Amino acid sequence: CVVSSRIEGFPKYMRDGMIGEIIRNKGSEYDDVELGGLADGVFLGGYETSASMLSMGAYVLMQNPEAYEILRSGEKAEVDKVVDELLRYLCPVQLAFPRFAREDHDLFGLPIKKGAVVLVSLTGANRDPAVVPNPEQFDLRNADTLHFAFGHGMHRCVGAELARMELRAALTGLARRFPDLAMATDDPGDLGWRDLSVVYSLDRLPVRLAKEPAAV
């Protein structure tokens with residue numbers, strides 16, 4: 001059948017996981033473009049953003065040892081502040097989904113024509129000096145302000161709380177397992193910042209997991 005042939009085209013780890021379940025149980029209700037969109041949403045929103053936050057978060061935390069120590073030994077409320085400030089500061093999805101104006105509109109004095117595409121910079125919103133005390137720096141005093149890393153309103157990410165839980169668990173686990181985590185290079189050129197991607201990230205981050213033994 002068509003559904004079976006679709007599943008056979010996926011790697012085994014996908015056939016046995018959520019994508020496979022969607023195809024088996026709902027595959028006949030969607031065409032290939034719709035299924036592709038579902039798969040893209042799962043991997044982009046459910047995997048790639050979390051992976052990006054872990055790599056970039058580790059980079060920021062190695063430069064902020066006080067926050068890293070909070071992850072290792074702090075109370076849950078303190079850990080949550082670190083996670084939210086990382087989300088505000090890093091914001092791996094930097095642009096919201098495009099909106100299309102249904103009619104002519106005046107947006108704070110800026111004329112928007114019917115049919116025009118409107119893009120919102122989530123990173124810019126997260127660095128609004130009118131509401132963020134120290135917008136250009138990772139600073140736990142900023143954590144009491146709202147951020148737009150998950151969007152806002154009816155388009156807010158449905159997996160926001162799951163993402164927070166994943167980051168809290170992964171980053172506290174990292175801090176407890178590797179308390180002496182440190183950069184293994186002083187050359188910024190050794191860092192693999194991603195170019196031209198919907199999800200901003202570090203693809204290469206050289207680290208030292210433990211302190212180097214003292215010379216004898």
Side-chain angles (χ1 to χ4, degrees), residues 13 17-18 41-96 122-123 125-127 131-152 156-188 190-194 197-212:
Y13 73 90
M18 185 168 67
V42 169
F43 287 113
L44 186 67
Y47 166 73
E48 193 169 357
T49 51
S50 295
S52 299
M53 276 298 300
L54 291 176
S55 61
M56 293 194 296
Y59 174 67
V60 171
L61 290 166
M62 283 185 284
Q63 301 171 66
N64 293 272
E66 299 87 359
Y68 196 54
E69 176 59 27
I70 288 173
L71 290 174
R72 192 180 71 83
S73 59
E75 299 293 330
K76 180 180 180 299
E78 297 175 303
V79 171
D80 287 345
K81 277 194 171 187
V82 174
V83 169
D84 267 310
E85 175 58 2
L86 285 171
L87 285 163
R88 181 206 69 84
Y89 182 61
L90 295 171
C91 195
V93 179
Q94 300 188 325
L95 288 176
L122 300 177
T123 309
N126 284 348
R127 283 168 164 72
V131 294
V132 183
N134 192 9
E136 297 298 333
Q137 300 297 322
F138 175 84
D139 187 333
L140 294 183
R141 291 174 296 178
N142 297 328
D144 292 327
T145 62
L146 297 176
H147 63 74
F148 294 90
F150 296 117
H152 182 68
R156 184 175 183 270
C157 174
V158 296
E161 300 315 314
L162 174 61
R164 279 195 173 96
M165 181 182 70
E166 290 174 339
L167 290 172
R168 187 165 55 240
L171 291 173
T172 54
L174 182 71
R176 291 167 183 168
R177 177 67 180 84
F178 301 110
D180 298 315
L181 185 73
M183 292 294 297
T185 178
D186 295 324
D187 184 357
D190 290 336
L191 302 180
W193 293 103
R194 184 178 297 173
S197 175
V198 173
V199 179
Y200 190 52
S201 185
L202 265 171
D203 289 329
R204 185 174 63 256
L205 180 64
V207 300
R208 188 179 65 248
L209 299 179
K211 289 183 177 179
E212 294 180 348

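Predicted model, so just to flag it, every value in this text is computed and none were measured.
Proximity of Met62 to Leu205: side-chain heavy atoms (C-beta onward) are separated by under 4.5 Å at one or more points. The side-chain heavy atoms of Asp144 and Lys81, taken from C-beta on, include a pair separated by under 4.5 Å. Here the side chains of Arg204 and Leu191 are not in contact, with every heavy-atom distance at 4.5 Å or above.
Looking at every heavy atom in both residues, Leu140 comes nearest to Ile70 through CD1-CD1, 3.7 Å. Considering all non-hydrogen atoms of both residues, Lys211 and Arg208 come closest at CA-NE, 4.3 Å.
When atom types are taken as modelled, the side chain of Thr185 and the backbone of Asp187 share a donor-acceptor pair closer than 3.5 angstrom. The backbone N or O of Thr123 lies less than 3.5 Å from no partner atom in the side chain of Gln94, so there is not a single donor-acceptor pair. A donor-acceptor distance shorter than 3.5 angstrom exists from the side chain of Arg194 to the backbone of Val199, with no hydrogens or angles considered.
Around atom CZ of Arg156, more than 12 heavy atoms belonging to other residues, nucleotides or ligands sit under 6.0 Å away. Other residues, nucleotides and ligands contribute over 12 non-hydrogen atoms within 6.0 Å of the CD atom of Glu161. By the neighbour-count criterion of 12 heavy atoms within 6.0 Å, atom CG of Leu162 is densely surrounded, having more than that number from other residues, nucleotides or ligands.
Defined by atom type and a distance below 3.5 Å, a donor-acceptor pair is missing between the side-chain atoms of Glu48 and Ser52.
In this pair, Tyr200 and Trp193 present their aromatic rings parallel. The plane angle is below 30°, not in the 30 to 60° band.
Judged as a salt bridge (charged side-chain N to carboxylate O under 4.0 Å, His left out), not a single pair has a partner in residues 174-185 (not counting sequence neighbours).
Residues forming a ring-ring contact (aromatic ring centres under 6.0 Å, His included) with Phe148 (at least two apart in sequence, or on another chain): His152.
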